[in-house]
Amino acid sequence: MTMSELTARVAGLMDRARQDLTELVAIPSVADPRQYPPEECRRAAQWVADAFTEAGLSDVRLAETPDGSHAVLGHRPPPPGAPTVLLYCHYDVQPPLDDAAWRTPPFTLTERDGRWYGRGSADCKGNIVMHLTALRALGDDIPVGLRFVAEGSEEQGTGGLEAYVAQHPDEFRADALLVCDTGNAEAGTGTATITLRGLASVVVTVDTLEGEVHSGMFGGPAPDALAALIQLLSTLRDPATGATRIDGLDCTGTWQGVGYDEETFRRDAGVLDGVRLTGTGTVADRLWARPAVTVLGIDCPPVVGSTAAVPATARARVSLRIPPGTDPDTALRALTGHLSSAAPWGARVTVEPEGTGAPFRAATDGPAYRALAEAMHQVYGTPLAFLGQGGSIPLCNVFAATFPDAEIILMGVEEPRCLIHAPNESVDPREIEHMAHVEALFLREFAKTAR
C-alpha cells in the first residue's frame, strides 16, 4: 500500500470514526460506583472488545484487575521475525463535574466550530478511535505483532492495571509500547511526551487552641489556627514571584524540549487579564523541569455559617508535582520537613502523607523513536517535537520496570484546546485523522527499522 493510498484510506474512515466516538461518548463510563453504575464501565469495555475484535485482533477478552475494574486485552501474533507493539488506551472517563458549565450535553458527541465535544472525546476515547482507525486503514497489512490493552480505572488512580501487569507480565510484553493518553503540543505539531511529573501529597493540620473562643473576648493574643495555616502555606512560595520554594529541593531546572508560549499558556489555562503567572524561567521550565506546589483544598469554617470565633484548628491538602530526576520519597520528606518547621507562633503541626508517584523520562534513541520521527514528519511535515506533561501516569513506571528493554512512547490526540478533565472537553477530528495516520505509518516503519 502506497503512502497516498494509506492517506486516502485513513481519510475515508473518518465518518466511521465519528460514529465510533458518538457511541463511546454516549456511555458514561466513570469508574466510581458512588457516581455512576458499574454496568456503564462494563458496557464500554464490551464495546471496545467488540470493536477491536472486528478490527483484526484475536483472543480479545475482559480481564478483571485487582481494583475490580476490567481491562480489555487483545493480541495479534507477529509475522516471522517482526517486532511486537503494545497499544494502550483507557475507556473510563472523568465525571462531567458541573453539568451547567457544559454548553452541550456531556455524554452526547456534538460538533461545534469544527471540534467534537463530549466527555472523553479526547481523554481517552478519542485515542481509542485513533487506534481503531489506524488498524482499519492497514487492514490485513499489519507488519508487526500487536498487543492491546484498554484500562478501566485510569482516571480513578486505583492502580488495578498496574497490579495486573506485575502479576501477568507476559500478556503485555512488547518491543515498543504506545501509551496513547497524551497528545501534541498544539494541533498540527507532531509531538511525543517524553517526561511525566511525579507526585508527593500530604494533609497538613495546624492546631493552636483547645477549642474555638470568642473573637471579641480573646481575639488578638489568641493564636488563630487558620491564619497560622495561611502563613505556613505561604512559605512554600517565593513572596515576590510565587515560585515554589521548598527546603531541600532543587527548584531551578530547565527544559530542553519544545517550548510553551506564554500567551498560549495563558489562554489555555484561562488566566484572567492582569493576573501574572507564578514562578521564574520559561513556562516549560516551570511546567516540566521544576517542582510545583499546589494547595488543593482547605478545611476551615465556611463564610456562610461562620461565627465570631477564633479558629482552633485548620488543615489543608497540599500537592507537590516533581520532575524527572527528583526522588518522590525525598520530595515527600522535604515537603513534610518544610511544613513541620515553618509553623508560626509555635503552632502544632501534623503532616500526614497521602501518597507518592515517581516521575518518568523516556529514552528516545532507539528504533521505535526513529520510526515515530519518520511517521510524524511524513504526516505533519515538521520534525518530531518533544514535550513534557504535568500529569502522572504511574503505569509508565510499571512498564519501564517490567520491560527495561522496551521503548515507551507517549502520544495521542489530547492537545491543549481539548480541555481534558474540564467542562466542554473536545477533540479536533483532524488530530484523530492525522494521529491515526501517524500510528499506521509508525507500525510500518518500526517493522523495517527494529532489530
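Source: prediction; values computed, not measured. For reference, positions follow the sequence shown, starting with 1.
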Parallel, tilted or perpendicular for F446 and F442, by the 30°/60° rule?
->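 Rings of F446 and F442: parallel, as their planes differ by under 30°.
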Any donor-acceptor N/O pair, [X] side chain to [Y] backbone, under 3.5 Å:
X    : Y    : result
Y369 : I408 : yes
E425 : G120 : yes
R417 : A187 : no
S153 : Q156 : no

Given the rule in the side-chain contact (heavy atoms from CB on, under 4.5 Å) test, do F386 and T195 qualify, once you have shown the distances and angles that lead to the verdict?
-> CA-CA 9 Å; F386 290 147; T195 68; over 6 Å; no
In this structure, which one of K125, E40, E155 forms a side chain to side chain donor-acceptor pair (under 3.5 Å) with S29?
->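 With S29 as partner, K125, E40, E155 yield a single side chain to side chain donor-acceptor pair (under 3.5 Å), made by K125.
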Note, [X] side chain near [Y] side chain (heavy atom, < 4.5 Å):
X    : Y    : value
I128 : F52  : yes
M411 : E439 : yes
L277 : E262 : yes

If you measure from CG on L196 to CG on L199, what distance do you get to the nearest 0.5 Å?
->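 Output value for this atom pair is 12.0 Å.
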Sorted by first residue and then second, give each salt bridge (charged side-chain N to carboxylate O under 4.0 Å, His left out) pair with at least one member in residues 126-148; sequence neighbours left out.
->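 The answer is D20-R136, E54-R136.
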What closest approach, in Å, do D92 and E151 show between heavy atoms, and which atom pair accounts for it?
->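 What the structure gives for the nearest pair is OD1-O, 3.8 Å.
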Can you see which heavy atom on E433 is nearest to which on V10, and at what distance?
->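 Here E433 and V10 meet closest at O-CG1, 3.4 Å.
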Side-chain donor-acceptor pair under 3.5 Å between [X] and [Y], yes or no?
X    : Y    : result
T189 : T191 : no
Y164 : E171 : yes
T254 : Q256 : yes
D50  : T53  : no

All side-chain contact (heavy atoms from CB on, under 4.5 Å) counterparts of A342, not counting sequence neighbours |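 Testing A342 for side-chain contact (heavy atoms from CB on, under 4.5 Å), a comparison that skips the adjacent residues, returns L232, T235, H338.
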Heavy atoms from other residues, nucleotides or ligands near CG of D98 exceed 12 (cutoff 6.0 Å) =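 Counting neighbours around CG of D98, more than 12 heavy atoms of other residues, nucleotides or ligands fall under 6.0 Å, so yes.
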